[in-house]
There are 2 protein chains.
Amino acid sequence: MFSNLAHMTTSSSRVRMSPESRREQLLELGTRLLATRTLDEISIELLAEEAGISRGLLYHYFHSLQEFHVAVVRRAVEDLYAITAPRDVGDPLEQLSVSLGAYVDFVSENYTGYVSLVRAASGSNEEIRKIYQDARRALTDRIFDIAGAEELATVGVVDSPATRLLTDGWAAMVEDVVMAWVTDPHGLSREELLNRLARALPAVVVA
Amino acid sequence: MFSNLAHMTTSSSRVRMSPESRREQLLELGTRLLATRTLDEISIELLAEEAGISRGLLYHYFHSLQEFHVAVVRRAVEDLYAITAPRDVGDPLEQLSVSLGAYVDFVSENYTGYVSLVRAASGSNEEIRKIYQDARRALTDRIFDIAGAEELATVGVVDSPATRLLTDGWAAMVEDVVMAWVTDPHGLSREELLNRLARALPAVVVA
DNA sequence: AGCCGTTGTTGAACAGGCGTCAATAGCGTT
DNA sequence: AACGCTATTGACGCCTGTTCAACAACGGCT
């Protein structure tokens, strides 16, 4: 505890780490910084300062600052997917409600970080947008998997290109509504919110 | 016709314009450039080149490049609102369908520009986000106005904070779906698309 | 017509942030 | 303890936003 590396923010003595640890440290730091700042506020200056390294070192691990940003978002998205774990049984719609509940809770608890992630994902960078869209798709896919295709068919939801299109749209709505609800519930209880969002899916998707 | 100002892109002779004309020229140019590029690809360099002015001149009309970006987005949003004009009668749901149709057509015809606008609007700039959110609200408000409060009440839609929250979310879904649909209809006809989106609103909003 | 003041306009200089590279110094190996 | 590998540094170049003193176009005044 006396030779803690955390003390060395000001000191300039070199610390030599293994490539894996250093890369990991930078990514972890990146996601942590993203919770408080915009992606383009994560400059090399800031990064170097916070990590206690020189500006040049970043380029031994990432080709450019942009590539680092991409890696950070990828990491943040992985975390999001991992943390919003699936839950167990019930009828399809209630199942959906429960899954949404987990998602809502996550957004509530990690609000600033989540908002930052979504903003980064809608930004100008093509690659980041794709990463986030894939993640969104993975999240909805997981919901479908849990509910089960036959179960969903009973409420009129069957898989098709059109269903995909509309499901993605539904996911966009969920994101938007949940973020707004967390800052101001507009008199809507958590249960009401979940039920409305859940019922909205078949409403949009069924022919 | 021989002394056309449009010829002077390379020449360096000074052109002195009235503040209003110059400001207007810059804003018009900005929105035109936005149709092809991202907001942060509109640099002072590019702007000066295209407008045939020096880099420094921008600062006589805007405090900073950011403020110029904001002004451009505001202009683009005004255009969007003006162009997607309201339409006339029918029952509430069909009315909604028609309004949505106008919106879909607009997005189809101005795809790159619209996408650019939406991306800019979800970016990091607080002020721009507010501008866009207000515009979105104005668009839905207009739809409500046209349909008429009593008419909407017949389908179970009544104004309340919760309704606002969910309507905004519905608008987010519409944006997302329409943009995706324009690039790839996923086997969905325009009519089907409009009907599904229209039916989604009461589905989400009614208690 | 010609001077003159106002002010739109310029271009050089400055600041700050990204990316490069030769030199430096930890750390494992012998 | 010397050596080699490579993680790490820090100064440098370049590009982009921003400032500012000087310049010049245009309308008004004589």
Side-chain angles (χ1 to χ4, degrees), chain A residues 3 5 7-30 33 37-72 123-125 127-128, chain B residues 3-5 7-30 33-34 37-73 120 123-125 127-128:
Chain A
S3 60
L5 289 173
H7 295 155
M8 318 197 98
T9 45
T10 49
S11 146
S12 63
S13 68
R14 287 193 180 186
V15 180
R16 189 191 177 101
M17 295 176 75
S18 74
E20 309 80 52
S21 321
R22 184 63 88 186
R23 199 185 153 91
E24 178 59 28
Q25 177 210 8
L26 292 175
L27 282 177
E28 199 278 329
L29 174 60
L33 290 177
R37 296 153 223 282
T38 314
L39 199 56
D40 53 52
E41 281 170 353
I42 301 180
S43 64
I44 300 214
E45 175 75 22
L46 175 66
L47 202 63
E49 177 110 8
E50 292 287 324
I53 61 174
S54 70
R55 295 213 216 65
L57 188 56
L58 184 72
Y59 295 91
H60 277 254
Y61 299 96
F62 304 93
H63 290 345
S64 67
L65 183 59
Q66 261 209 354
E67 189 187 300
F68 176 71
H69 285 161
V70 170
V72 166
S124 51
N125 188 313
E127 196 174 350
I128 289 181
Chain B
S3 61
N4 195 326
L5 288 173
H7 297 156
M8 321 199 98
T9 45
T10 48
S11 144
S12 63
S13 69
R14 290 192 176 186
V15 179
R16 189 190 176 103
M17 295 176 73
S18 74
E20 308 82 49
S21 322
R22 185 63 89 185
R23 199 184 153 91
E24 178 59 28
Q25 175 209 11
L26 292 176
L27 282 177
E28 200 277 329
L29 174 60
L33 290 177
L34 186 59
R37 296 152 224 280
T38 314
L39 199 56
D40 53 52
E41 281 169 353
I42 300 180
S43 63
I44 300 219
E45 176 75 23
L46 175 66
L47 203 61
E49 176 110 9
E50 293 286 324
I53 60 173
S54 69
R55 296 226 248 359
L57 186 56
L58 183 73
Y59 295 90
H60 277 255
Y61 297 96
F62 303 92
H63 290 344
S64 67
L65 183 59
Q66 263 209 354
E67 189 187 300
F68 176 71
H69 285 163
V70 170
V72 166
V73 168
S124 50
N125 188 316
E127 197 173 353
I128 289 181

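Heavy atoms only: backbone and side chains are in, while hydrogens, waters and symmetry mates are out. If you're wondering where the values come from, they're calculated on a predicted model, not measured in any experiment.
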A.B. asks: Taking any heavy-atom pair under 4.0 Å as a contact, classify B:Ile53: base, sugar-phosphate, or nothing.
C.D. replies: sugar-phosphate
A.B. asks: If you round to the nearest 0.5 Å, how far is CD of B:Gln25 from CD of B:Glu20?
C.D. replies: 13.0 Å
A.B. asks: Rounded to whole Å, how long is the line connecting atom NE2 of A:His63 with atom P of C:dC18?
C.D. replies: 18 Å
A.B. asks: Can you tell me if B:Tyr61 touches the phosphate of C:dG8, counting only side-chain N or O atoms and a distance under 4.0 Å to OP1 or OP2?
C.D. replies: no
A.B. asks: Below 3.5 Å between N/O atoms, which protein atoms pair up with nucleotides 26-30 of chain C? Just atom names and distances, please.
C.D. replies:
{"residue": "C:dG26", "atom": "N2", "partner": "A:Arg16", "partner atom": "NH1", "Å": "3.2"}
{"residue": "C:dG26", "atom": "N2", "partner": "A:Arg16", "partner atom": "NH2", "Å": "3.0"}
{"residue": "C:dG26", "atom": "N3", "partner": "A:Arg16", "partner atom": "NH1", "Å": "3.0"}

A.B. asks: Please report, rounded to the nearest Å, how far the P atom of C:dG17 is from the CG atom of B:Leu65.
C.D. replies: 16 Å
A.B. asks: Tell me whether B:His69 contacts the main-chain N or O of B:Ala120 through its side chain, where contact means a donor paired with an acceptor under 3.5 Å.
C.D. replies: no
A.B. asks: Rounded to whole angstrom units, what separation is found between the CZ atom of A:Arg23 and the P atom of D:dT8?
C.D. replies: 14 Å
A.B. asks: Just to verify, what does B:Ser54 make a side chain to side chain contact (heavy atoms under 4.5 Å, CB included) with, not counting sequence neighbours?
C.D. replies: B:Leu57
A.B. asks: Please report, rounded to the nearest Å, how far the P atom of D:dT16 is from the CD atom of B:Glu49.
C.D. replies: 12 Å
A.B. asks: Tell me if a side-chain donor or acceptor on A:Thr38 pairs with a main-chain N or O of A:Glu41 at a distance below 3.5 Å.
C.D. replies: no
A.B. asks: Hey, could you give me the CG/CG distance between B:Asn125 and B:Asp40, rounded to the nearest 0.5 Å?
C.D. replies: 11.5 Å
A.B. asks: Is A:Ile44 close to A:Tyr59 at the side-chain level, that is, under 4.5 Å between some pair of heavy atoms?
C.D. replies: yes
A.B. asks: Over all strands shown, is B:Arg22 touching base, sugar-phosphate only, or nothing at heavy-atom distances under 4.0 angstrom?
C.D. replies: sugar-phosphate
A.B. asks: Report the nucleotide, chosen from C:dG8, D:dA7, D:dT18, that has the shortest atom-to-atom distance to any side-chain atom of A:Pro19.
C.D. replies: D:dA7
A.B. asks: A:Glu45 CD to C:dC18 C1': how many Å, rounded?
C.D. replies: 11 Å
A.B. asks: Taking for each residue the nucleotide of DNA chain C with the nearest heavy atom, is it A:Tyr59 or B:Ser18 whose nucleotide lies nearer the 5' end?
C.D. replies: B:Ser18
A.B. asks: Mind calculating the distance between CZ (A:Arg55) and C1' (D:dT8) to the nearest angstrom?
C.D. replies: 14 Å
A.B. asks: Roughly how many Å is it from CG in B:Asp40 to P in C:dC18, rounded to a whole number?
C.D. replies: 14 Å
A.B. asks: Would you mind reporting whether A:Arg23 and A:Phe62 have side-chain heavy atoms less than 4.5 Å apart?
C.D. replies: yes
A.B. asks: Out of C:dT9, C:dG19, D:dT8, which nucleotide sits closest to the side chain of B:Leu57?
C.D. replies: C:dT9
A.B. asks: Starting at atom CG of A:Leu58, determine the distance to atom C1' of C:dG19, rounded to an integer number of angstrom.
C.D. replies: 10 Å
